[in-house]
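Just below is one structure, and these are the notes that go with it.
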Amino acid sequence: MTRTNRPDWPASISSPLVNPIQPSVVYRAGSPDDLDAQYAGETQGYTYAREGHPNASALAGMIDRMEGAEGGIVTGSGMAAVSAVLLGCLQAGDHVIGGDQLYGRTLRLMQQDLPRLGIATTLADSTDVGAVRAALRPETRMIVIEIVSNPTLRLADLAGLAALAQDAGVLLVVDNTFTTPRAIQPLAHGADIVLHSVTKLLAGHSDATLGYVAARDPELRQKITDLAVTMGLTASPFDCWLAERGLLSFELRHDRAQANAAALAAFLADQPGVKRVLYPARPDHPDHNRAAQLLGEHPGNMVSFEVAGGRDAANALVRACPEIAFAPTLGDVSTTLSHPASSSHRALSPEAREAIGISEGFFRISVGIEPAEQLVDRFGRAVAAAAQG
Ligand SMILES: *Cc1c(COP(=O)(O)O)cnc(C)c1O
């Protein structure tokens, strides 16, 4: 069997409604001159899938529009996006400041891998601009934050940090995974670079691992893109195609999940045995004023809560309700429950966990799009079981 190699195969006078998947690793050019013109950027075209393909371009363009960005790229995971930013923009001798509640692997990259390459990292509390200012050094090049922290859902002082970054001449990088562009567009709030784990809320179906990154400055954009292409951090066409489909319903899913989250937070706060509930829109949240300012009508779909009792109560809670997926992820169409002490924060000592308010009874919920009554019923049974021990 040989390929027909007809570029218009299959011929059709009509065009598909759905963008096709283009899995081809490589593209044929008409002549050396044509290829030259393409590499020189005089004509637009693809050459090799690691450098770009139509499904990545289509998805990146959609997220660009949501973020008010230009020239963003899709990467093979959220961590690939984080890596492309840190490794593409920094060099030996530089210093970077990270929020002390960043995603676990981001912390690991900054604390364990960057130092091997001669890049120093300091962690600081991103809710407190004074703490970040105190961490600045003459060689600081970058501040990396998430707007809503995991799992305690604290809000970074974005306005203060943007002003600080501008004064100090350092780059401000925002991981917008938890907040999403539905709530906030970091580039319009003084960030230089925005990135995502598209795996989570944007794609929304836990079936594609992807990331996204966009920079305001075209030179920086080029550095990040080159690093991603060179290190092979780019994305597969099929994953991009799945994420494009997921993204089409993102706003609807987000609105529904958020309404569910508000209802579930209110319900949990009334249950005996629930010691506290963390939801940014609640008046008892430590940063609710800042949440209202930054996120407006979109406080999000993440709710954390703490039950009395230790690991036994936590086990009872999870076992009482197998319909709630106990799984360390977020942003799925269905509700997922995670227990930071045994998963994302297991590497910390119990004392270090207590210091940031994570006990054995602490849970984080990524609320999905199920009927609200179903969620209330399930969590009602779960917390009742925990209270019985
Ligand atoms: C999951 C996550 C990442 C990493 O994304 P992957 O797609 O899993 O590589 C980075 N930042 C945040 C905030 C995340 O939740």
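Read the numbers this way: they start at 1 and go in the same order the structure lists the ligands and their atoms. Quick note: numbers below take in every heavy atom, side chains included, and nothing from hydrogens, waters or symmetry partners.
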Q) Of all residues at least two apart in sequence or in a different chain, which pass the side chain to side chain donor-acceptor pair (under 3.5 Å) check with T230? A) none

Q. Residues in side chain to side chain donor-acceptor pair (under 3.5 Å) with S57, at least two apart?
A. Y46

(Q) Using 30° and 60° as the class boundaries, would you call the ring planes of F363 and H339 parallel, tilted or perpendicular? (A) tilted

(Q) Students often mix this up, so state it plainly: with edges at 30° and 60°, are the rings of F250 and H254 parallel, tilted or perpendicular? (A) tilted

Give a table of atom pairs where an N or O of ligand 1 lies under 3.5 Å from a protein N or O.
| residue | atom | partner | partner atom | Å |
| --- | --- | --- | --- | --- |
| ligand 1 | 5 (O) | S197 | OG | 3.0 |
| ligand 1 | 7 (O) | G78 | N | 2.8 |
| ligand 1 | 7 (O) | S197 | OG | 2.8 |
| ligand 1 | 7 (O) | T199 | OG1 | 2.7 |
| ligand 1 | 9 (O) | G78 | N | 3.1 |
| ligand 1 | 9 (O) | M79 | N | 2.8 |
| ligand 1 | 11 (N) | D175 | OD2 | 2.7 |
| ligand 1 | 15 (O) | K200 | NZ | 2.8 |

Using a 3.5 Å cut-off and no angle test, enumerate the donor-acceptor pairs between side-chain atoms of residues 379-389 and protein atoms at least two apart in sequence or in another chain.
| residue | atom | partner | partner atom | Å |
| --- | --- | --- | --- | --- |
| R381 | NH1 | E323 | OE2 | 3.4 |
| R381 | NH2 | E323 | OE2 | 3.1 |
| R381 | NH2 | D377 | OD2 | 3.2 |

(Q) Checking the side chain of H345 only, and the main-chain atoms of L348 only, is there a donor and an acceptor separated by less than 3.5 Å? (A) no

